[in-house]
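The structure appears right after this line, and notes come after that.
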Amino acid sequence: MATMHLIHGSSKAHIDGITETGIFGGIFTLDYNPGCVNHGYGEHLHIVSLDDSEICRHGDITERLSRERIDEVIAGEIDLDALDEYDIDENERAEVLNMLRRWALETDDANSIEIYFGGDDCEYGGIFEEILVGAQAFDAGSLGFEIQRIRGLLARAAGFRAVDCYDENGISTLVIGGIGTKIMPLEEFEKASV
C-alpha cells in the first residue's frame, strides 16, 4: 500500500486537528510535490499522510454504499419539508434529489452545477438554497461547496478518511474532519523524512 502525502495551506501556523466545522467539514489538500511552489492557499503549510486505500476515488462510494444508504446520508443534509413550498409534483421532487445525488457522486460532473446556474430562468432556481441545510450565501460556488461537503459525508459513511473532488486546482482531496487524522507542519514532516 502506498502512502500519500497531501499538503494543506493555512493561515494558522499550528493546527491541532482536522475538525468537522467549517464549510467543508474537513480540509482541502493537494498532492505533495517537494519541488512545487504552489501548494494551495495560506502561508503555513501542513502535511497529512494517508494510505492510498483511505482515499475515496471516483466510483468508490457506489461500490461500498447501497443506493438506500447514499440517499439516507443525503437526506440528513437537506430539509425535505422546504420542498413543500414549491409547486412541484413527485417527479420533479425526485429530479431535484437526483441532481443532488448525481453531483455528490460524480466528481467529474462539477461543471454541471455551473451550467445549471448559468441562466436566470433555472426551473428550480431557489430550491437548493432552501433545502440544503448548510447553505450560506448561495450561488453556483456555494452549491459546489455544499456538494463537496456532502461528498465528504458519503465517503466517511463508506469508511474513507478522505475523498477526491474536482475544483479549480484540478483534483483536490478533502480530508474529512472529526476522525482523528493527523496533520503536521511541513517543516516537521521534512525533518522526519530526512
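Index from 1, following the sequence.
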Between Arg57 and Asp52, does at least one N-O distance fall below 4.0 Å, as a salt bridge requires?
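Yes, Arg57 and Asp52 are salt-bridged.
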
Ion pair present between Asp71 and Arg67, side-chain N to carboxylate O less than 4.0 angstrom?
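Result for this pair is yes, salt bridge flagged.
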
Have His5 and Ser49 got a donor and an acceptor in their side chains that come within less than 3.5 Å?
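Looking only at side-chain atoms, Ser49 and His5 do form a donor-acceptor pair, the distance falling under 3.5 Å.
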
Using distance alone, with no hydrogens and no angle criterion, decide if His58 and Asp60 have a side-chain donor and acceptor under 3.5 Å apart.
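Judged by distance alone, the side chains do not pair up.
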
Measure from the side-chain N and O atoms of [X] to the backbone N and O of [Y], and report whether any donor-acceptor pair falls under 3.5 Å.
X      : Y      : result
Arg64  : Ala158 : yes
Arg161 : Ile176 : no
His46  : Lys12  : yes
Thr173 : Val163 : no

Validation row: Glu54, Met4 side chains within 4.5 angstrom (heavy atoms):
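No - every pair of side-chain heavy atoms lies 4.5 Å or more apart.
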
With heavy-atom distances below 4.5 Å as the criterion, would you say the side chains of Tyr32 and Leu6 are in contact?
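No; the side chains remain at least 4.5 Å from each other.
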
Are [Y] and [X] connected into the same hydrophobic cluster when the rule is that any two of I, L, V, M, F, W, Y join if their side-chain heavy atoms are below 4.5 Å apart?
X      : Y      : result
Ile74  : Met99  : yes
Phe160 : Leu153 : no
Ile183 : Val175 : yes
Leu65  : Ile78  : yes
Phe189 : Ile7   : yes

Residues that Glu187 engages under salt bridge (Lys or Arg N to Asp or Glu O under 4.0 Å), provided they are two or more places apart:
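By the salt bridge (Lys or Arg N to Asp or Glu O under 4.0 Å) rule, Glu187 matches no residue at all.
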
Euclidean distance, [Y] [atom2] relative to [X] [atom1], rounded to 0.5 Å:
X      : Y      : atom1 : atom2 : answer
Arg151 : Gln148 : CZ    : CD    : 9.5 Å
Arg156 : Cys56  : CZ    : SG    : 14.0 Å
Leu45  : Glu190 : CG    : CD    : 9.0 Å
Lys182 : Ile15  : NZ    : CD1   : 15.0 Å
Ile18  : Asp16  : CD1   : CG    : 11.5 Å

Would you please name every residue forming a side chain to side chain contact (heavy atoms under 4.5 Å, CB included) with Glu188, sequence neighbours left out?
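So Glu188 forms a side chain to side chain contact (heavy atoms under 4.5 Å, CB included) with Met184, Pro185.
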
Show your reasoning for whether side chain to side chain contact (heavy atoms under 4.5 Å, CB included) applies to Leu174 and Ile27.
CA-CA 6 Å; Leu174 172 60; Ile27 61 167; 5.8 Å; no

Show your working on side chain to side chain contact (heavy atoms under 4.5 Å, CB included) between Glu43 and Ser11 and close with a plain yes or no.
CA-CA 6 Å; Glu43 61 183 298; Ser11 60; 5.5 Å; no

Arg101 pairs by side chain to side chain contact (heavy atoms under 4.5 Å, CB included) with which of Ile70, Leu154, Val73?
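The option that passes is Ile70.
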
Heavy atoms only: give me the nearest Asp51-Ser53 pair and the separation to one decimal.
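It is OD2-OG, 2.6 Å.
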
For Phe24, give me all partners under ring-ring contact (aromatic ring centres under 6.0 Å, His included), at least two apart in sequence or on another chain.
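Scan of Phe24 (ring-ring contact (aromatic ring centres under 6.0 Å, His included), adjacent residues dropped) gives Phe28, Phe145.
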
Where do Ser172 and Asp164 land on the side chain to side chain contact (heavy atoms under 4.5 Å, CB included) test, with the steps shown first?
CA-CA 6 Å; Ser172 296; Asp164 283 346; over 6 Å; no

Give the intermediate values and the outcome of side chain to side chain contact (heavy atoms under 4.5 Å, CB included) for residues Leu50 and Thr181.
CA-CA 8 Å; Leu50 295 172; Thr181 302; 3.8 Å; yes

